[in-house]
There are 2 protein chains.
Amino acid sequence: MKNPDSVLAKLRTKGYKLTPQRVAVVKYLMNNKEHPTADLIYRKLRKKYPMVSFSTVYNTLEILQEIDEIKELTISQKSAHFDPKTEPHHHFFCETCGKVRDVLQNVDIPSQWIENHRLSSYQIYFYGICSECLKMKKKEVLK
Amino acid sequence: MKNPDSVLAKLRTKGYKLTPQRVAVVKYLMNNKEHPTADLIYRKLRKKYPMVSFSTVYNTLEILQEIDEIKELTISQKSAHFDPKTEPHHHFFCETCGKVRDVLQNVDIPSQWIENHRLSSYQIYFYGICSECLKMKKKEVLK
DNA sequence: GTACTTGCAAACAGTTTGCATAGGC
DNA sequence: GCCTATGCAAACTGTTTGCAAGTAC
């Protein structure tokens, strides 16, 4: 679990101002397991706080990446998904429901070098049908 | 090594017409190790065959994915890269030169299921500085 | 008070689409 | 000759940018 307040404190330490918009984005994102897109973040925040714009959402996402509090997932070519969980783990993209899910199962990955290239990070993306959608399908067959 | 002719034959078998444009895209792509974007394919082909349009490039890429002769890589959010090598392997994105390189080193990955989700495919993307760029940097330091 | 941040709208890049015309088989 | 494929331009989507006005500190 990540405390939104510690992220806000980090922002202030790094010289970023704590505007209500930024606070809203941080509070919405932290501990969010949905891996939302910028568009989803914008639409969700709009409901609660009508004074949030697209540029501010993008601006805040940019900053949160810079200070290493979120990661951008390129699991779908269409739009970027954002993940507040920064510890190493993987992701599963369900081709039926479109949801992005965490995969915690361990995969052994070289940590610093691979084939003479210096690594700074890596991502593992799995694609298929998620357990939830498989359950639904089973039910439909039984009908 | 993949023979462009076998891909062309497959296209014909599946009922797709072998237009000069499609042939050009297939010949350009097969055995290409650059993981080009649609835009790059378009610009390269233009030089040789001025009668190629964007829509045709995209159309052909779509078809080649359908018949499993190329894979789309979402290694960069900006634009899709395409890979004619369909056997399992991984990719490295150099943050300095922007090139996408093959990584053949083996990584053990579950093949059919992960955490109760049914797998259809997966991708491993590494990010960092490639061996070529590291060499260049070393030379610069020695100057 | 001042520099940073915001909201807006316009710009931009990559991709997709609709449709009249061309051409593979 | 038929039916699919092409080229063009326009539409569309996600993201970025420029700038005047607002606001955290």
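Note on naming: letters A, B, ... go to the chains in the order of the sequence lines (proteins, then strands), and numbering restarts at 1 for each one.
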Assign each of A:Q21 and B:T37 the nucleotide of DNA chain C bearing its closest heavy atom; nearer the 5' end lies the nucleotide of A:Q21

Sorted by position of nearest nucleotide on DNA chain C, 5' first, the leading residue of A:P50 and B:A80 is A:P50

Are [X] and [N] close enough that a side-chain N or O sits under 4.0 Å from OP1 or OP2?
X: B:Y58; N: C:dT15; result: yes
X: B:R22; N: C:dG24; result: no
X: A:N59; N: C:dT5; result: no

*Is the gap between the ring centers of A:Y125 and B:Y125 under 6.0 Å?*
yes

Per atom distances to the A:K78 side chain, the nearest of D:dT13, C:dT16, C:dA13 is D:dT13

Taking D:dA5, C:dC4, C:dT6 as options, the one with an atom nearest any side-chain atom of A:T56 is C:dT6

Let me know the distance between [atom1] of [X] and [atom2] of [N], rounded to the nearest Å.
X: A:R12; N: D:dC25; atom1: CZ; atom2: P; value: 6 Å
X: A:L45; N: C:dT6; atom1: CG; atom2: P; value: 12 Å
X: B:I63; N: D:dT4; atom1: CD1; atom2: C1'; value: 10 Å
X: B:K17; N: C:dG24; atom1: NZ; atom2: C1'; value: 5 Å
X: B:M51; N: C:dG23; atom1: CE; atom2: P; value: 11 Å
X: A:L61; N: D:dG14; atom1: CG; atom2: P; value: 15 Å
X: B:R43; N: C:dA13; atom1: CZ; atom2: P; value: 12 Å
X: B:E62; N: D:dA5; atom1: CD; atom2: P; value: 13 Å

- Message: Could you tell me if A:S120 and B:E95 have a donor-acceptor pair between their side chains, going purely by distance under 3.5 Å?
- Response: yes

Taking every heavy atom of B:Q105 against every heavy atom of A:E115, the minimum-distance pair comes out as N-OE2, 2.7 Å

Heavy-atom nearest pair, A:L119 first then A:P110, reads CD1-O, 3.5 Å

Comparing B:T19 with A:D39, nearest DNA chain D nucleotide closer to 5' gives the residue B:T19

All N/O contacts under 3.5 Å from nucleotides 8-11 of chain D to the protein, with atom names and distances to one decimal?
from	atom 1	to	atom 2	distance (Å)
D:dC8	N4	B:S55	OG	2.8

> Got a sec: does the NZ of B:K27 have more than 12 other heavy atoms crowding it under 6.0 Å?
Replying inline: no

Quiz prompt | Verdict with supporting geometry, A:E66 and A:K14, salt bridge (charged side-chain N to carboxylate O under 4.0 Å, His left out) | solution = CA-CA 10 Å; A:E66 259 170 48; A:K14 299 248 177 185; over 6 Å; no

query: What nucleic acid atoms does A:P20 come within less than 4.0 Å of, heavy atoms only: base, sugar-phosphate, or nothing?
result: sugar-phosphate

Is the ring pair B:H91/B:H35 parallel, tilted or perpendicular, if the boundaries are 30 and 60 degrees? perpendicular

